[in-house]
Amino acid sequence: MNVALLFAGGIGSRMNSRALPKQFLEVHGKPVIIHTLQHFEAHPEIDAIAIAILPEYREHMMKLLTRYEIQKVKWVIDGGKTGQESRHNALRTVAAECPEDTVVLVHDGVRPLIDAKLISSNIATVLEHGSAITCTKFNETVVSSEHDHIDDVIPRDHIYAAQAPQSFKLGEILSLYDRAVEEGEHDSIDSCSLMHRYGRKIYRVVGPRSNIKITTAEDFYLCRTYFEILENQQIVGL
Ligand SMILES: C[C@](O)(CO)[C@H](O)COP(=O)(O)O
């Protein structure tokens, strides 16, 4: 069984979209979260979807699910105070009804440019190796800098940005979220960081750079452009 866990619990503080959180803004004719959901809805290997949302937007979300005829959403879960808490809530909810070897694909609701190939390769990699982190290659020089000067130039040959989906076996990833809480960790960045913290071997799936996360206003406009390019097939190889 393969379950997608989508997170749409942000308030859009880094984008100044407080009137309507960014996951509900319209791009290319539909709310961002609906674009994301439709990729999982249409994928033949996805059996069910859980979505974590801001409790005050539950009614809004339910209306969207009806309007866009999304059938696979089985759980609508209240997001927590942090991303970690939201993911933990969602994993616990799914674990109450699904077996431990369920493949869970943890994805950001604000990554609407995911594609079917990436969903398939995440599932295949978890089935083969037990984990899959979607990564994309860096094409620029990578430096570290704490203050006003550059501390280090990091050889970029082996540098990737970790994106989402981040996919695992349900039993294993839930046990790590439980352990993190027991150890007083409540705000880890993502599931990849938790796997690394606990020394698990994490496998990589390389995805397209277009699988961007809408974090800032610039990302929103970039996303809009990607949709236009994809529709008009202006650039081959995206
Ligand atoms: C999971 C993630 O998308 C990996 O790049 C990212 O860590 C999410 O970050 P956010 O701060 O919760 O948007």
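Each residue takes its place number in the sequence, starting with 1. Because the structure is predicted, anything quoted here is derived from the model rather than measured. Both counts, for ligands and for their atoms, begin at 1 and track the order of listing.
Of all atoms in ligand 1, numbered sequentially from 1 with element shown, those under 4.0 Å from a heavy atom of Ala162 are 4 (C), 5 (O). The ligand atoms of ligand 1 that sit less than 4.0 angstrom from a heavy atom of Arg111 are 2 (C), 3 (O), 4 (C), 5 (O). Near Asp108, with a cut-off below 4.0 Å to any heavy atom, the atoms of ligand 1 are 1 (C), 2 (C), 3 (O). Listed by atom number, the atoms of ligand 1 under 4.0 Å from Ile189 heavy atoms are 7 (O). Applying the 4.0 Å criterion to heavy atoms of Lys213 picks out, from ligand 1, the atoms 3 (O), 6 (C), 8 (C), 9 (O), 10 (P), 13 (O).
Each of His196, Arg87, Gln166, Gln84 was evaluated against Asp190; a single residue qualifies, Gln166, per the side chain to side chain donor-acceptor pair (under 3.5 Å) test.
Within a 6.0 Å sphere centred on CD of Glu140, other residues, nucleotides and ligands contribute 12 heavy atoms or fewer. Atom OH of Tyr198 is surrounded by more than 12 heavy atoms from other residues, nucleotides or ligands within 6.0 Å. Dense packing is recorded around CZ of Phe227, with more than 12 heavy atoms of other residues, nucleotides or ligands lying under 6.0 Å away.
For Gln166, no nitrogen or oxygen atom sits less than 3.5 Å from a nitrogen or oxygen atom of ligand 1, counting backbone and side chain alike.
The residues Glu59 and Lys63 are annotated as salt-bridged, a charged nitrogen and a carboxylate oxygen being separated by less than 4.0 angstrom.
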